[in-house]
Structures are given as structure tokens and as C-alpha cells.
6 protein chains.
Amino acid sequence: MERYVWQHMRREEIAEMRDHGAVVILPVGSIEQHGRHLPVDVDIFMAETVALSAAQALLSEIPVLVAPSLWTGVSPHHMHFTGTLTLSVDTFSQVISEIVTCMWQHGFRHIILLNGHGGNDNTMKSTTLKLGAEGIEVAATTYWDLAAAELAELVEGERKKVGHACEIETSMMLYLRQELVDMSTAVKDLRIPPTRMPTGGPVYFWPVFDPGTTGVSGDPTLATAEKGKAFLDVITKNLVEFIRTYHKAQIP
Amino acid sequence: MERYVWQHMRREEIAEMRDHGAVVILPVGSIEQHGRHLPVDVDIFMAETVALSAAQALLSEIPVLVAPSLWTGVSPHHMHFTGTLTLSVDTFSQVISEIVTCMWQHGFRHIILLNGHGGNDNTMKSTTLKLGAEGIEVAATTYWDLAAAELAELVEGERKKVGHACEIETSMMLYLRQELVDMSTAVKDLRIPPTRMPTGGPVYFWPVFDPGTTGVSGDPTLATAEKGKAFLDVITKNLVEFIRTYHKAQIP
Amino acid sequence: MERYVWQHMRREEIAEMRDHGAVVILPVGSIEQHGRHLPVDVDIFMAETVALSAAQALLSEIPVLVAPSLWTGVSPHHMHFTGTLTLSVDTFSQVISEIVTCMWQHGFRHIILLNGHGGNDNTMKSTTLKLGAEGIEVAATTYWDLAAAELAELVEGERKKVGHACEIETSMMLYLRQELVDMSTAVKDLRIPPTRMPTGGPVYFWPVFDPGTTGVSGDPTLATAEKGKAFLDVITKNLVEFIRTYHKAQIP
Amino acid sequence: MERYVWQHMRREEIAEMRDHGAVVILPVGSIEQHGRHLPVDVDIFMAETVALSAAQALLSEIPVLVAPSLWTGVSPHHMHFTGTLTLSVDTFSQVISEIVTCMWQHGFRHIILLNGHGGNDNTMKSTTLKLGAEGIEVAATTYWDLAAAELAELVEGERKKVGHACEIETSMMLYLRQELVDMSTAVKDLRIPPTRMPTGGPVYFWPVFDPGTTGVSGDPTLATAEKGKAFLDVITKNLVEFIRTYHKAQIP
Amino acid sequence: MERYVWQHMRREEIAEMRDHGAVVILPVGSIEQHGRHLPVDVDIFMAETVALSAAQALLSEIPVLVAPSLWTGVSPHHMHFTGTLTLSVDTFSQVISEIVTCMWQHGFRHIILLNGHGGNDNTMKSTTLKLGAEGIEVAATTYWDLAAAELAELVEGERKKVGHACEIETSMMLYLRQELVDMSTAVKDLRIPPTRMPTGGPVYFWPVFDPGTTGVSGDPTLATAEKGKAFLDVITKNLVEFIRTYHKAQIP
Amino acid sequence: MERYVWQHMRREEIAEMRDHGAVVILPVGSIEQHGRHLPVDVDIFMAETVALSAAQALLSEIPVLVAPSLWTGVSPHHMHFTGTLTLSVDTFSQVISEIVTCMWQHGFRHIILLNGHGGNDNTMKSTTLKLGAEGIEVAATTYWDLAAAELAELVEGERKKVGHACEIETSMMLYLRQELVDMSTAVKDLRIPPTRMPTGGPVYFWPVFDPGTTGVSGDPTLATAEKGKAFLDVITKNLVEFIRTYHKAQIP
């Protein structure tokens with residue numbers, strides 16, 4: 001029985017965690033196409049896994065609650081492929097805002113939005129401005145940003161950060177849920193959508209995966225379960241470290 | 001490996017299900033207080049369980065996909081108790097509407113909203129009017145309505161239908177997840193909120209669980225795992241029957 | 001001069017009613033096609049008539065105010081037929097919410113939404129959740145639910161409850177406004193939209209009246225003015241009874 | 001039986017009017033305080049009366065339909081007085097927009113918004129911009145603007161145009177519904193809200209009727225039923241004239 | 001260095017103006033086609049110019065702040081011509097409402113919305129109702145309304161008030177920014193859109209400039225820089241006069 | 001006369017630019033406190049300046065249009081200081097979305113959102129997802145991201161990127177508008193809001209400038225006009241380079 005999973009607890013148990021100043025992690029992700037080789041829930045599954053790993057690691061040290069995973073993310077740029085389920089930007093922002101407000105009303109003061117989907121990142125962060133204007137202060141991060149340097153070192157291929165259905169994501173899936181991965185259909189595709197412009201650079205475009213694309217951005221053919229474990233370990237370690245600091249911060 | 005769980009499948013697998021005319025079930029529920037004795041996720045867990053049971057039962061007969069569970073429901077009337085996480089009525093409606101629209105755009109034509117939370121019922125149904133006005137036709141039901149007569153017969157106590165944290169819900173939880181139930185704190189409370197008015201009757205009120213209430217409506221002390229199995233079986237049976245009929249219907 | 005009609009009163013008269021703890025009834029309905037034989041305002045007219053009858057019956061007993069009738073309902077499923085005027089679900093909810101909030105701000109604490117249109121029912125009820133979350137508690141009902149058992153007994157045909165332009169509605173119109181009814185065009189049609197699925201059962205569908213339908217659900221050919229009077233009497237009687245109870249309830 | 005009242009007609013009758021190129025008038029008004037001497041529905045009642053009078057006058061000449069009266073107007077500036085029921089600006093605009101869109105979808109091309117409440121005027125007109133951007137072209141006017149010059153000549157007091165609960169409104173009410181008017185409480189008050197600034201001039205302010213005001217702007221003590229008839233006649237005459245011209249205009 | 005231009009000042013300077021009870025003018029306009037002969041920013045440029053002229057005239061007398069010009073106006077009726085940039089009615093209203101609310105929160109109590117675009121007028125005024133309902137009281141005017149009588153006398157052509165790209169607007173542009181005006185393409189066109197109906201009269205229509213129109217309403221061929229100066233002088237004079245009165249008014 | 005300034009051009013001139021495939025730059029910024037030493041419009045002024053510089057540099061090479069500057073940004077985190085004027089996140093997003101949609105409707109296919117305010121960055125980028133879902137593809141960047149490496153080298157102090165009212169912003173203001181800068185009040189403050197947590201790191205917080213802060217993040221005391229010129233030159237150079245590439249891209 002997991003005593004850090006919000007949804008498995010009873011109301012008085014959650015209230016007790018609140019009384020002990022628990023840190024709440026809300027995993028945020030998406031259900032969207034992940035190439036031919038990965039299931040559609042990679043992003044929310046990974047956010048949830050990282051959250052649970054950190055909670056477990058801190059079990060006897062800091063009270064941590066992992067809230068139910070929010071899989072309703074922002075993926076209009078993946079809608080060309082079947083399986084993608086997306087909210088609009090505005091509705092996604094509203095959902096986060098209302099759920100976090102409930103937590104705040106119940107008295108939690110250390111809330112981490114832990115995101116696993118690139119398409120959510122900007123909206124999640126702009127939502128913290130909305131919440132801040134209401135006096136609600138939360139932390140928000142996308143899990144791979146927690147260990148950008150370490151991931152870059154561990155990655156074998158030339159693309160050093162998380163793309164989409166890439167070496168990093170595929171490795172972690174091989175480590176955690178090999179039965180859902182079909183490596184025979186994994187393909188390398190280093191283009192960063194959109195395809196209208198040469199990739200990279202500091203200018204943001206509508207990152208659409210057109211029907212003509214593979215739906216991949218990165219090189220999943222390099223993935224191994226061993227690397228997956230290494231990726232996950234370093235991310236969890238850094239999240240744990242962050243929670244230690246955050247837990248001490250005085251939030252009004 | 002479950003071949004009927006949307007989120008565990010790859011995009012081409014989901015497209016193939018679509019090509020075979022699969023029925024999609026979207027479990028809809030809530031995270032909200034369930035008395036002192038039950039965890040906060042009863043409603044979404046039960047909707048998901050019923051959906052998966054039906055899919056399993058139909059495995060070799062009709063293609064069925066169970067979409068990821070939507071736990072973000074409408075429970076402002078439970079916010080007096082810690083643990084409740086609620087959307088506003090409008091946001092909940094918007095979420096359902098957008099997720100269902102994605103399924104429709106991917107070509108699915110048989111979509112069932114399978115609800116497990118009383119507070120969602122009206123909004124879920126009014127959302128089908130919104131969708132209908134856009135040319136999107138879906139089925140919507142709350143799982144206990146599928147077997148109202150059978151449940152009434154199986155129930156032991158005087159309250160013959162699902163209340164809240166009641167004999168029916170508690171029995172099914174004892175059958176499925178006994179480790180999360182604390183029967184020592186279960187109490188009988190037959191009042192139907194609101195407490196301003198004598199209960200029952202054809203007039204709807206704001207069904208608030210005030211701080212002074214137990215947060216229960218029904219008699220969980222009568223719950224047993226055996227009854228839980230019986231409840232679940234009859235509900236699943238009726239859902240299976242419905243899917244058989246629905247699957248044959250021609251939706252434009 | 002009717003001293004219970006909100007709109008015919010002067011501001012100090014309404015304030016005086018408020019000071020005496022008056023119950024307010026807000027008739028809610030729709031303007032939508034009602035088959036070939038009935039005018040388009042049946043639903044709002046009936047809600048208003050029931051409200052006025054109850055107010056009259058209680059004239060020397062309980063102060064009751066009938067607010068102006070809200071005819072702007074939710075009828076997208078009738079838009080295939082000329083004459084239907086519908087709001088969207090969201091706007092209808094907003095209108096009810098804002099009008100009721102005004103009444104609450106003026107100090108009324110016993111407010112009944114008395115609905116006469118099936119298409120409004122779910123949205124009206126979900127709106128009471130919105131209002132409740134703001135601390136505003138109201139009662140909401142659809143008039144035929146007030147006397148479901150009695151109506152079932154009085155009805156002659158096989159369909160025992162209100163459908164659309166049916167035996168019950170047509171009878172009451174014959175009793176009250178015979179000059180607007182054209183019985184020569186009344187047809188029996190027992191199908192319950194939608195026509196995609198066998199009718200009845202616990203699953204809700206988009207209840208569309210397609211161009212191919214008659215726009216009727218029930219058997220208006222059995223209608224008589226005498227039955228109409230009987231229907232109206234029992235509904236009014238039950239509403240009166242409810243008001244007596246409600247008037248005594250202490251609302252915060 | 002009135003063959004020009006939308007709500008009293010059957011769907012095929014309305015469709016027939018549409019086929020004959022009928023002009024539709026949608027009376028728009030408000031329920032809001034009107035001093036101590038007038039009932040709260042003056043504005044919507046007058047808009048409806050003018051619409052019906054014009055329809056009657058044109059009965060054998062031009063097909064005219066009077067839609068059900070929209071009493072849900074914009075009166076936040078009257079909320080200090082009991083009896084006022086107001087929508088927000090946005091909801092009012094949305095209601096008009098959706099109702100007119102239904103008429104347009106049914107094929108009507110000559111639609112007149114006939115307003116009787118000062119507080120609605122700007123929002124009603126801005127809503128025609130919204131509708132226009134959707135390709136829906138309507139006419140919008142406030143009834144007293146139709147005869148500004150004539151009214152100014154007929155008025156006895158120094159305030160030559162419609163204020164609030166003034167000589168003009170009170171006279172028409174005495175002519176049409178004397179039993180609802182209490183002239184013993186009518187007071188003269190020539191201030192134009194807001195009371196922060198000297199009145200008149202080309203700059204618009206929040207026209208609030210503060211608790212300290214009479215709720216009147218004008219001199220109702222000069223009102224007579226005779227003048228009321230004269231006011232009504234000239235307004236109706238000008239509306240009839242406008243409809244003659246409008247009916248000939250080709251709207252895309 | 002202009003000490004009355006909000007955006008050129010530092011935060012403590014603005015706070016000091018607030019402490020001295022400064023009047024704030026928010027110029028509101030549009031970017032939209034102005035015939036072949038005028039640039040697209042006439043309306044916002046003129047509102048800004050009038051505001052600055054008044055502030056300058058009052059420099060040693062009354063503290064006045066001119067806020068940054070709001071060029072995002074409502075011009076869907078000009079979208080047939082390239083160069084027009086329009087907000088929807090609702091967004092425009094929201095922008096004004098939020099910006100004014102900031103000023104009010106900072107402690108300013110005398111705020112003038114000074115509009116230069118006909119298409120904004122109704123929405124700007126209805127927005128003051130929204131603000132008023134929140135307890136925020138502002139003044140709103142369109143600059144030519146400040147001197148309607150004087151302009152009518154000064155105008156040479158038959159159209160005596162501001163139309164669009166007309167004698168008045170063109171003259172002021174010749175006086176202020178001759179280099180942006182191409183008089184060789186100026187044409188006279190006295191029609192007032194819409195072209196569906198004879199012009200003038202008290203009924204408002206969707207004022208669309210169809211592709212078939214010139215995009216002009218008035219006679220710019222009569223424009224001269226001398227008249228432009230005269231127009232501007234009288235408008236400024238009247239605005240100055242208004243500010244003197246307004247500045248003395250006690251706003252809560 | 002500047003032939004690349006949208007608002008100074010006539011409709012046919014803008015249409016001609018469109019026909020030549022012009023690139024449009026929409027400067028986006030904010031009006032918000034900038035410490036004691038800088039005026040409140042730094043962010044929008046800088047975005048506009050960079051846009052104009054690039055347009056000028058490309059004058060004889062590529063057609064570029066600079067749209068009117070959008071100063072209505074997102075700055076709720078600066079509202080503790082007078083002078084800040086902020087939109088909500090949702091309204092800001094809506095404004096950008098509607099203005100860009102107009103440009104797209106007029107036929108422009110190369111549109112750059114050039115932002116100068118940190119608080120806008122996430123919302124601007126999430127808005128491109130909204131637009132993309134509508135088939136409208138735009139580029140979005142914050143000007144300092146265009147030259148992050150170069151700026152880091154040119155900066156003298158320890159904080160190597162743009163903060164708020166920092167060495168970089170202050171230097172450019174000294175170079176361009178020295179008369180608005182009061183260096184005597186410039187203070188060094190290297191804290192990055194929020195002050196609840198140690199600064200830096202990959203986790204995003206509500207970046208509030210509390211009343212207790214200086215409103216500065218960086219070291220403006222190191223600012224010089226010379227550095228300002230250098231900063232501006234490199235940013236402009238990189239923007240010019242980007243435009244050259246972007247102009248060649250085929251956008252659907």
C-alpha cells in the first residue's frame with residue numbers, strides 16, 4: 001500500500017500529510033503519438049514514474065504526495081496521427097489552474113507541477129503567472145530540464161537532449177515497460193519540426209508533426225534499457241535534491 | 001499486455017482498432033472525499049474497472065478500447081473535506097468535449113462516456129448536447145444506472161441505490177481493493193445532502209456535504225466483498241449487453 | 001392586478017415580499033418546434049402556467065413571487081425545424097446563474113427553478129452546482145417530475161411520461177389554449193430520439209429530432225382538454241405541497 | 001389569435017412567414033427598478049408594445065413576426081434597488097447573438113432588434129458588429145430614437161428626451177396599464193446619473209443610480225395617459241415607416 | 001522630455017502624479033483602412049494627438065498623464081481592405097477593462113477613455129458598465145463628440161460630421177502629417193455604409209465597407225491643413241474644458 | 001517617410017508589400033516598472049527598436065513591415081509597483097492571436113512575433129500552438145535569445161543574461177534615450193525573483209517582484225551607452241540573419 005499516492009489515500013490521511021507540510025507533485029503529461037515504436041502515454045507515464053521514484057526515495061525523510069496524473073495535455077501538433085488526445089491551450093491551463101487551486105485551498109503550500117510533455121511546457125509556466133496573480137505560488141518544471149547537463153553526457157547519439165520518441169524516452173521505456181515497445185519500427189529522424197525551416201536556433205515555431213514526418217525527433221535506434229535506468233536515476237536524484245530545498249522554503 | 005487499453009497502445013495499433021470499428025469507452029470520475037473509510041479515487045477507479053471488465057468480456061467478440069481515465073470531475077460540494085480535487089462545471093464540460101472531439105476526428109464513431117461520479121452526471125449529459133450541435137454523437141451513462149433494478153434487489157440496506165461511500169461502493173472496494181478500505185471508520189448515514197431539506201423527492205438541490213456531515217450517504221457498514229462482486233458482475237453484464245447493441249448502430 | 005407577478009410589481013413591493021420571506025419561482029423553458037400541431041412556446045408557457053397556478057393557490061398562505069419567464073432555453077436538437085430559438089448550453093447556464101445571483105443579492109433565499117423543457121434539465125441542474133460553489137443554494141425541478149407517478153396513472157396511451165408534443169403536453173394545451181392547437185395535424189410517434197439506437201434504457205444520447213422525424217415523441221392524438229385539466233391540477237397540487245415544505249427550510 | 005406572434009405559432013406557420021420574406025422584430029428590454037411609481041418591466045413591456053403595434057398596423061401589408069420578448073437586459077447600474085434582474089454585458093451580448101443566429105439559420109433576412117432600455121443600447125449595437133463579422137446583418141434601434149424630434153415636441157417638461165421613469169415612460173404606462181402605476185409616489189428628479197459630475201454633455205459615465213438617488217431621471221409628475229397615446233402613436237408610425245423601407249432592402 | 005507621457009516616465013514619477021490626483025487619458029483607436037489617400041493609423045494617431053494637446057495645454061494647471069495609445073480596436077467591418085488589424089468586440093472590451101483596472105489599482109480615480117474610432121464607440125461605452133459593476137468609474141468619449149456643434153459649423157461640405165477618411169480627418173492629417181497623405185487618390189463618397197439601406201436615420205446597421213465601396217464616407221477632397229488646425233483646436237479646447245470640470249469631481 | 005512602418009502606410013501600399021512577400025515583424029512588449037532608474041516602456045521600446053533597425057538594414061534587400069507595437073503585455077508580477085499596466089495571460093494570448101490572424105487573412109505568410117518582455121515569453125509561445133491548430137504558422141522569439149552567446153561575452157558584470165532593468169537593458173536605454181534614464185537611482189540587485197527560493201535552476205516559479213524588492217534583477221550600475229550600442233548591433237545583426245533565412249522558407 002503506497003502511502004504517498006494521493007488517490008489511494010483517505011481524506012483524513014491526506015489532511016494529515018497537509019498538517020505535516022507535505023510536498024505535492026502533480027505529474028502532467030499527454031497522450032499523443034510517439035512514433036511507430038512507442039505507446040501513446042510515454043509523456044505522462046514518465047512524469048508519473050519520476051514523481052513516484054522521488055517520493056519513494058524520500059519516504060522516511062520528507063512527506064511527499066504524488067497527485068493523480070494529469071494526462072490531458074496540449075498536443076495539437078500531433079493530431080495528424082491517430083491516438084493523440086489533446087486539450088486546447090486555454091482548457092489545459094484552466095485545468096491546471098483549478099486543480100492546483102483546490103490543493104492550495106486544502107492548505108498545501110509546496111506544489112510541484114512535474115511535466116513530461118514538451119507541448120505543455122510554455123502553457124504550464126504561463127499558468128503559474130495566472131496562479132501567482134491570485135496569490136498561489138507553485139513550482140513548475142519539465143523533468144528533463146532537471147538534469148540537462150547529465151543527460152547530455154549520458155546520451156550516445158548526436159542529439160543531446162530530449163526530442164520526441166528519441167534515444168532518451170525510448171531507453172527509459174525499454175527499462176520500465178519493454179513489453180510496450182516495438183524496436184523493429186524505431187527509426188532515426190533528427191529533424192526538429194517544423195519542417196518549414198532549418199532546425200534549431202532561438203526562434204520558436206509551430207512544432208507540427210506533419211503527415212509526411214516520421215513522428216520522431218531523435219534517434220531511438222540507439223536506445224537501451226541500461227541507458228534508460230541511468231537517465232531515470234539522474235533525473236530522480238536531481239528532483240529529490242530540489243524537493244529537499246523546496247521543502248524548506250517558506251511560502252506565504 | 002492489454003490490447004484494449006488506449007494509452008498502452010501505439011498509434012498504428014489504435015488506428016487499426018478504428019479501422020475495425022472499435023467502441024471506445026472513456027471512464028469519467030472524480031477525486032473526492034469518500035467518508036473516513038474509503039480512498040478518494042473510488043469514483044474514477046470504479047468507472048475504469050467497469051470499463052476494463054466489459055472490454056475483457058468482449059475481447060474475442062467486439063473491438064473495444066478503454067481510453068485513459070478522466071479523474072478531473074465536478075465535486076465542489078465535497079470541497080469542505082481535504083483530498084477533493086474539482087474542476088468547475090464549465091471546465092469539466094470543456095475537457096470532455098475536447099477529448100471526445102479528438103476521438104471523433106480520428107474516426108471513432110462509437111464512444112461511450114462511462115461515468116462513476118454523481119456530481120458529473122448532469123454536466124456530462126448536457127455536454128452531449130454541445131457535441132451533438134457540432135455533429136458529434138456519443139453515448140453517456142453513469143455505471144449504476146445500467147443496473148438500477150438489479151442493484152436494488154442485491155442491496156441489503158434500506159437505501160436501494162448508490163449514494164456516496166455507501167453499501168454498494170464500499171462492497172465493490174472491499175472486493176477489489178480491500179487494502180485501501182478502513183471499515184473501522186465506516187458509519188451509516190442515510191441523509192441525502194443537502195441537509196436544509198427533508199431528503200428525497202423530485203426537486204434537485206445543491207448536494208453539499210457540509211463540515212457537519214459524515215461525508216457519507218448510505219450504509220457502508222453492510223458492505224461485503226461478496227456483494228461487491230455481485231454488484232460488479234451485474235453492472236458489467238449490462239454494459240456488455242449495451243455495447244453489443246451500440247456496436248451495431250449506424251452513427252453518421 | 002396580480003400581486004405575485006415580479007414584473008408587474010414596483011421595486012418597493014418586491015422588497016416587501018423579500019422582507020416577508022417570499023418564495024420566488026423562475027419559470028424556465030424554451031421556444032422550439034412542437035410537432036405540426038402545437039405552437040413553439042409550449043414548454044415555457046406550461047412552466048409559467050404551473051408557477052402561476054401554485055402562486056395563486058398559496059395566495060393567502062405563503063408569499064410567492066413568479067419571476068418573468070425565461071424562454072431562452074437549450075434546444076439545439078430541434079434546430080432542424082423552423083421556429084426553434086436556442087441558446088448554447090454554456091450561455092443558458094450563464095443566464096440562469098446571473099439572474100438567480102441577482103435574486104440572491106436582493107435577499108431572496110427560497111428560489112425555485114421551475115423548468116418545462118427536457119433539453120434544459122441537465123444544464124439547469126449542473127448550474128445549481130456552479131451556484132452552490134458560490135454559496136447560492138437553489139431548488140431546481142422540471143414540472144412533470146413533480147407528479148411522475150400521478151401522471152403515469154392518468155395517461156391513457158402506452159407512453160406514460162412526458163415525451164415531446166405528447167398526450168400530456170397536448171392535453172394541457174387543449175385545456176388552456178385550444179385556439180393555438182391544430183389537432184388535425186397531430187400524429188402519433190412513439191420513437192424516442194435519437195433514431196440511431198433502440199429507444200429507452202439508461203444510456204443518454206444526443207436526442208436529435210432529425211428532418212426525417214415527425215418532431216413528436218408520444219401520442220398527441222389521445223389528448224383531451226379534460227385530461228389536460230387533470231394533469232395540471234395534480235402537478236400544481238404537488239408544487240404547492242413542495243413550496244409549503246421549502247418555505248419552512250432555513251437556508252443560510 | 002394573433003398571427004404575428006412567433007411564440008403562438010406552429011413551426012410550419014413560422015416557416016411560411018419566412019418563405020414570404022417576413023420581417024422579424026425581437027423586442028429587447030430589461031427588468032429593473034423604475035422609481036417608486038412604476039413596475040419593473042416598463043422597458044421590455046414598451047418595446048414589446050411598440051413591436052406589436054407596428055405588426056398590427058402592417059397586418060395586411062407586410063408579413064411581420066414579433067419574436068418573444070427578451071427581458072434579460074443589462075442593468076448593473078440599477079442593482080442598488082430591489083427588483084432589478086441583470087445580465088452581465090458579455091452574457092447579454094451572447095444571448096442576442098445566439099438568438100439572432102437561430103433566426104438567420106432559419107432563413108430570415110430582415111431582423112430588427114427593438115430595444116426599450118437605455119442600458120442595453122451600446123451592447124446591442126456592438127453585438128451587431130459581432131454578428132456582421134459572421135455574415136449576419138441586422139438592424140438595431142432603441143424605440144425612442146425612432147421619434148426623437150417628435151417626442152421632443154410633444155413633451156411638456158424641460159427634459160425633452162427619455163430619461164428613466166420619466167414623463168414619456170410614465171405617460172405611456174398610464175395609457176396602457178394604469179393599474180400598475182402609483183402616481184402618488186412619482187417624483188421629479190432631473191439629475192442624470194452619475195451624480196459625480198454635472199449632467200449632460202458628450203462624455204459617457206457609469207450611469208449608476210446610487211442608493212441616495214430617487215431612481216428617477218425626468219419628471220413623471222407631468223405624465224398623462226393622453227400624452228402616452230400620442231407618444232406611442234408617433235413611435236409606432238415611424239417604426240412602421242422604417243419597416244416599409246427595410247422590407248424592400250436586399251440583404252445577402 | 002515630456003512629463004505627461006506615461007510610458008516615458010519612471011515608476012516613482014507616475015506614483016507622484018497619482019499622489020497629486022492626476023487625470024489619466026487613455027487614447028483608444030484602431031488600425032484600419034482609410035481610403036486610398038490616408039494611412040491606416042489615422043484613428044489612433046488623432047486620439048493620441050488630441051490627448052497630448054490637451055495635456056500640454058494644461059501643463060502648469062492640472063496634472064495630466066497620457067497613457068500609451070491602445071491601437072487594437074474593433075474594425076471587422078474594414079477587413080475587406082488590407083492593412084486593417086482588428087480585435088473581436090469581446091477581446092477589445094476585455095483589454096480596456098483590464099488596463100483601466102490596473103490604473104484604478106494604482107490609485108488613479110480620474111480616467112478618460114478618449115476614442116478616435118467609430119467602430120469602438122459602443123463597445124467602449126458598454127465596457128464602462130462592466131467596470132462600473134466592479135466599482136470602477138471612468139469617463140468615455142469619442143473625440144469628435146466633444147465638439148459636434150463647432151465641427152458642423154467649420155465643415156465646408158454637406159456631410160457635417162465625422163464619417164470615415166472624410167473632410168475632417170483628412171484636414172487634420174494634412175495639418176499634422178502631410179507627408180503620409182496622398183490627396184491625388186482622395187475621392188468623395190457620401191454613402192454611409194451599409195449599402196443595403198438608404199443612409200442616415202436612427203437605426204443602426206452593420207456598417208460594413210464592402211469590396212465594392214471606396215472605403216470612404218465623406219468628402220476628403222475638400223480637406224485643407226488650415227481647416228485641420230481649426231478642427232483640432234476646437235476639439236482640444238473642449239477636452240481641456242472637460243478635464244477642468246472632471247478633475248474637480250469627487251470619485252469614490 | 002518610413003516605408004516599412006505598417007501604421008504609416010496606406011492600404012494599397014500594405015497590399016503591395018504583401019504581394020511582394022513581405023516579412024512582418026510584430027513588436028510585443030509591456031509597460032511595467034523598471035526599477036527606479038528606467039521608464040516603464042523599456043520592453044516594448046526595445047522590441048520596437050530592434051524591429052525597426054532590422055527593417056532598415058534590409059531596406060534594399062527584403063521587404064519588411066514593422067507592425068504597430070503591442071505594449072499590452074503580461075506583468076502581474078510587477079503590479080506591486082505603480083506604472084505597471086498588465087493584461088491577464090488569457091487576454092494577452094487572445095490579442096496576439098486575433099492580430100496575427102488578421103495579418104494571415106490579408107495574405108502575409110512570414111510573421112515574426114518579436115518580444116521584449118520576459119513575462120510574455122511563455123504565453124507568446126503557447127499562443128503559436130493555438131494559431132498552429134488553426135493552420136496559421138508564425139515565428140516567435142524574445143530579442144535577447146537571438147544573441148545569447150554574444151551578449152554573454154559583451155556583458156561586464158557576473159549576470160550574463162538579461163534580467164530586469166539590468167546592465168543590458170540600461171545600457172541600450174543610455175545609448176538610445178539617455179534623457180529618460182536616471183542613473184543616480186540605479187542599484188545592483190542580483191536576486192532573481194521569487195525571493196522564496198535560492199535563485200537559478202531549472203524550476204520555474206511565479207517571478208514576483210514583491211514590495212520589499214528593488215524591482216531590479218541585475219547590475220545596471222555597470223551600464224554604458226557604448227555597451228548599449230554593441231548589444232543592439234549584435235541583436236540586430238542576428239535578427240537580420242534570421243529574416244534572410246525565414247524569408248526564403250515556403251510557408252503553406
Side-chain angles (χ1 to χ4, degrees), chain E residues 1 5-18 26 31-42 44-45 67-72 75 78-79 81-88 90-92 94-95 97-103 105-108 177 179-182 185 215, chain F residues 1 5-18 26 31-42 44-45 67-72 75 78-79 81-88 90-92 94-95 97-103 105-108 177 179-182 185 215:
Chain E
M1 198 165 46
V5 177
W6 182 295
Q7 62 266 38
H8 292 175
M9 296 171 77
R10 296 183 292 271
R11 68 187 196 205
E12 268 78 16
E13 293 173 312
I14 298 174
E16 198 181 348
M17 291 294 271
R18 186 258 333 274
L26 176 63
I31 298 290
E32 102 276 19
Q33 74 85 21
H34 263 76
R36 300 183 75 91
H37 68 293
L38 290 178
V40 292
D41 73 345
V42 169
I44 187 58
F45 174 74
S69 291
L70 208 56
W71 61 265
T72 45
S75 302
H78 290 287
M79 275 296 290
F81 292 99
T82 305
T84 303
L85 300 175
T86 184
L87 293 185
S88 66
D90 289 346
T91 303
F92 173 70
Q94 199 57 26
V95 169
S97 178
E98 295 182 11
I99 295 301
V100 165
T101 298
C102 290
M103 294 170 174
Q105 284 179 6
H106 290 316
F108 292 98
R177 296 201 300 179
E179 72 282 7
L180 298 181
V181 185
D182 175 10
T185 54
Chain F
M1 199 165 46
V5 177
W6 183 296
Q7 62 266 38
H8 293 176
M9 296 171 77
R10 296 182 293 270
R11 69 185 196 208
E12 268 78 15
E13 293 174 312
I14 297 174
E16 200 181 347
M17 292 293 271
R18 187 256 336 271
L26 176 63
I31 297 290
E32 103 274 20
Q33 74 84 21
H34 263 75
R36 299 183 75 91
H37 67 292
L38 290 179
V40 291
D41 74 344
V42 169
I44 186 59
F45 174 74
S69 292
L70 208 56
W71 61 266
T72 44
S75 301
H78 290 286
M79 276 296 290
F81 292 99
T82 305
T84 303
L85 299 175
T86 183
L87 294 185
S88 65
D90 288 345
T91 301
F92 173 70
Q94 197 57 27
V95 167
S97 180
E98 295 182 11
I99 295 300
V100 165
T101 299
C102 289
M103 294 170 174
Q105 284 180 6
H106 291 316
F108 292 97
R177 297 199 298 179
E179 72 280 9
L180 298 182
V181 184
D182 175 11
T185 54

Identify which part of [X] has an atom lying under 4.5 Å from any heavy atom of chain E, answering side chain, backbone, both or neither.
X      : value
F/W6   : both
F/L85  : both
F/T86  : both
F/L70  : both
F/S69  : backbone
F/Q105 : side chain

Using every non-hydrogen atom in the two residues, find where [X] and [Y] come nearest and quote the distance to one decimal.
X     : Y     : value
F/P39 : F/H34 : O-CB, 3.6 Å
F/R10 : F/E13 : N-OE1, 2.6 Å
F/Q33 : E/R11 : OE1-NH1, 2.6 Å

Just so I understand: if I count every heavy-atom pair under 4.5 Å between each of [options] and chain F, which residue has the most?
options                       : answer
E/T101, E/T185, E/V42, E/D182 : E/D182
E/Q7, E/H106, E/R18           : E/H106
E/T72, E/I14, E/V40           : E/V40
E/V100, E/I31, E/L38, E/I44   : E/L38
E/F108, E/W71, E/F92          : E/W71

> Residues in side-chain contact (heavy atoms from CB on, under 4.5 Å) with F/T91, at least two apart?
Replying inline: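 Only E/Q94, E/V95, E/E98, F/L87, F/S88, F/V95 meet the side-chain contact (heavy atoms from CB on, under 4.5 Å) criterion with F/T91.
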> Which distance, rounded to the nearest 0.5 Å, do you find between the CE of F/M17 and the CE of F/M9?
Replying inline: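 F/M17 CE to F/M9 CE: 5.0 Å, rounded to 0.5 Å.
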> Which residues pass the salt bridge (charged side-chain N to carboxylate O under 4.0 Å, His left out) test with E/E12, sequence neighbours left out?
Replying inline: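 So E/E12 forms a salt bridge (charged side-chain N to carboxylate O under 4.0 Å, His left out) with F/R36.
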> With chain E, which of F/S97, F/G107, F/G215, F/P68 has the greatest number of heavy-atom pairs at distances under 4.5 Å?
Replying inline: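 Most heavy-atom pairs under 4.5 Å with chain E: F/P68.
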> Under a 4.0 Å N-O cut-off, is there an ion pair linking E/D41 with E/R177?
Replying inline: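 Between E/R177 and E/D41 there is a salt bridge, with a charged N closer than 4.0 Å to a carboxylate O.
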> Quick one: what part of E/D90 sits under 4.5 Å from any heavy atom of chain F, side chain, backbone, both or neither?
Replying inline: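 Neither the backbone nor the side chain of E/D90 comes within 4.5 Å of chain F.
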